[in-house]
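First up is the structure itself, then whatever we jot down about it.
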Amino acid sequence: MSRMLDPSDAYERLKRCAERYLAQYESDETGRLMRLAVRLYLAGLPTAVIKDFVPVERSNGLMAVTVVGGKKIPHLYYLTREEAEDILSAYKGVKDLYPVGTLIRRLQALLKTFKEDCGIEGLTWSDVYNLKVMAWGMEKFKSPKYTEKRLQMVLEVLSAIK
């Protein structure tokens with residue numbers, strides 16, 4: 001068994017895996033959609049956030065986006081300016097292709113393919129978000145419901161990818 005990664009190494013490994021994966025796609029419609037799906041995933045955001053994606057500059061130097069949860073409770077998620085710009089740029093290339101509901105379903109289907117191909121089917125966008133903020137050394141932004149047991153599972157999955 002390979003050594004257990006720390007959150008920072010695990011997040012970097014996931015990003016490298018995603019970049020290698022995206023390199024196989026052209027800039028056709030599917031490639032542009034896949035890029036957006038993966039960018040949202042790496043930022044630790046659900047694909048449905050794209051319909052209301054308005055990042056806001058925060059005093060801590062990060063951008064923030066509000067995601068309305070299952071019980072209509074808004075949650076604030078942090079991302080870097082680069083992540084926000086990548087997502088907005090990717091979205092600009094596909095926003096007129098489909099109505100927003102269809103676009104979200106296409107993104108979810110492509111994300112499922114990406115996760116299966118990379119061997120990370122069990123990792124949710126929430127896992128990635130919590131891993132990302134821990135990699136930044138900003139545990140205070142981590143979900144209070146994110147358990148050590150779940151983190152260990154995520155680190156084990158990412159330890160297995162190349």
Side-chain angles (χ1 to χ4, degrees), residues 5 7-58 61-70 74-136 138 141-143 146 153-155 157-162:
L5 300 170
S8 185
D9 291 338
Y11 185 63
E12 285 305 313
R13 185 176 284 205
L14 178 61
K15 286 181 10 186
R16 282 193 308 274
C17 177
E19 291 308 318
R20 282 194 311 271
Y21 187 80
L22 288 174
Q24 71 184 326
Y25 282 89
E26 301 295 322
S27 60
D28 62 358
E29 179 183 314
T30 302
R32 293 193 318 263
L33 287 166
M34 181 62 86
R35 231 172 231 54
L36 176 56
V38 171
R39 292 282 176 252
L40 285 166
Y41 182 70
L42 289 177
L45 298 170
T47 49
V49 75
I50 201 62
K51 71 181 185 305
D52 302 312
F53 188 74
V54 182
V56 177
E57 185 90 39
R58 301 296 290 201
L62 294 171
M63 304 295 281
V65 65
T66 302
V67 176
V68 176
H75 299 282
L76 209 54
Y77 292 92
Y78 290 92
L79 60 165
T80 64
R81 176 178 302 285
E82 183 182 355
E83 286 173 318
E85 288 170 355
D86 283 350
I87 290 167
L88 287 169
S89 170
Y91 180 55
K92 195 185 309 181
V94 299
K95 71 178 182 195
D96 298 327
L97 293 175
Y98 304 102
V100 74
T102 306
L103 175 64
I104 290 167
R105 285 189 298 280
R106 290 273 294 136
L107 292 174
Q108 288 167 337
L110 288 168
L111 187 59
K112 184 175 188 283
T113 301
F114 161 73
K115 288 164 60 173
E116 287 168 357
D117 291 351
C118 291
I120 56 173
E121 298 95 318
L123 302 191
T124 66
W125 61 266
S126 180
D127 289 325
V128 176
Y129 181 79
N130 286 298
L131 187 68
K132 174 181 85 168
V133 295
M134 291 172 75
W136 290 351
M138 299 178 131
F141 297 142
K142 187 170 68 87
S143 166
Y146 200 69
M153 183 282 294
V154 169
L155 294 176
V157 168
L158 291 172
S159 293
I161 66 171
K162 296 290 173 240

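We use all heavy atoms of the structure for the numbers below, so side chains are in, but hydrogens, waters and symmetry mates are not.
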### Task
Quick one: closest heavy-atom pair of I161 and L14, and the distance?
CD1-CA, 4.3 Å
### Message
Would you say that T66 contacts V54 through its side chain, given a criterion of any heavy-atom pair below 4.5 Å between the two side chains?
### Response
no
### Message
With a 3.5 Å distance limit and no angle check, can you tell me whether Y78 reaches the backbone of Y129 through a side-chain donor-acceptor pair?
### Response
no
### Task
Check for a donor-acceptor pair, side chain of Q24 on one end and backbone N or O of Y21 on the other, with a separation under 3.5 Å.
yes
### Message
For a quick test of reading the model, state the closest non-hydrogen atom pair linking R35 to E26 and the distance between them.
### Response
NH1-O, 4.3 Å
### Message
Under a 4.0 Å threshold between the charged nitrogen and the carboxylate oxygen, would K112 count as salt-bridged to E116?
### Response
yes
### Query
What is the minimum heavy-atom distance between E83 and L42, and which atoms define it?
OE2-O, 3.8 Å
### Message
Using modelled atom types and a 3.5 Å cut-off, is there a donor and acceptor pairing between side-chain atoms of Y77 and backbone atoms of F141?
### Response
no
### Query
Any donor and acceptor pair, going by atom type alone, linking the side chain of K115 with main-chain N or O of L123 inside 3.5 Å?
yes
### Query
Does the distance from a Lys or Arg side-chain N to an Asp or Glu carboxylate O, for K15 and E12, drop under 4.0 Å?
yes
### Query
So, do C17 and I120 sit near enough that their side-chain heavy atoms are less than 4.5 Å apart?
no
#### Entry: Which atom of R32 lies closest to which atom of S27, heavy atoms considered
NH1-O, 3.2 Å
### Query
How far apart are the closest heavy atoms of R13 and L158, and which atoms are they?
CD-O, 3.0 Å
### Message
Would you say the ring centers of F53 and Y91 fall short of 6.0 Å from each other?
### Response
no
## Note on the structure
When rounded to the nearest 0.5 Å, the distance separating CG of L110 from OG1 of T30 is 6.5 Å
### Task
Rounded to the nearest 0.5 Å, what's the gap from CG on L40 to CD1 on I50? Could you check?
5.0 Å
### Smallest separation among heavy atoms of L79 and W136, with atom names
CA-CH2, 3.8 Å
### R58 side-chain N/O to A64 backbone N/O, donor-acceptor pair under 3.5 Å
no
### Query
Is there a side-chain contact (heavy atoms from CB on, under 4.5 Å) between V154 and Y146 once you walk through the steps?
CA-CA 11 Å; V154 169; Y146 200 69; 3.3 Å; yes
### Task
Could you grab the distance from atom CD of E85 to atom CD1 of I87, nearest 0.5 Å is fine?
11.0 Å
## Note on the structure
The reported gap from CD in Q108 to CG in L103 (rounded to nearest 0.5 angstrom) is 10.0 Å
### Task
For K132 and A43, indicate whether the former's side chain and the latter's backbone hold a donor-acceptor pair under 3.5 Å.
yes
### Message
Please report the interatomic distance OH(Y11) to CZ(R16), rounded to the nearest 0.5 Å.
### Response
12.5 Å
### Summary
The reported gap from CE in M34 to CG in D117 (rounded to nearest 0.5 angstrom) is 7.0 Å
### Task
Answer with yes or no whether the side chains of S89 and D86 bring together a donor and an acceptor at under 3.5 Å.
no
#### Entry: Donor-acceptor under 3.5 Å (D127 side chain, T124 main chain)
yes
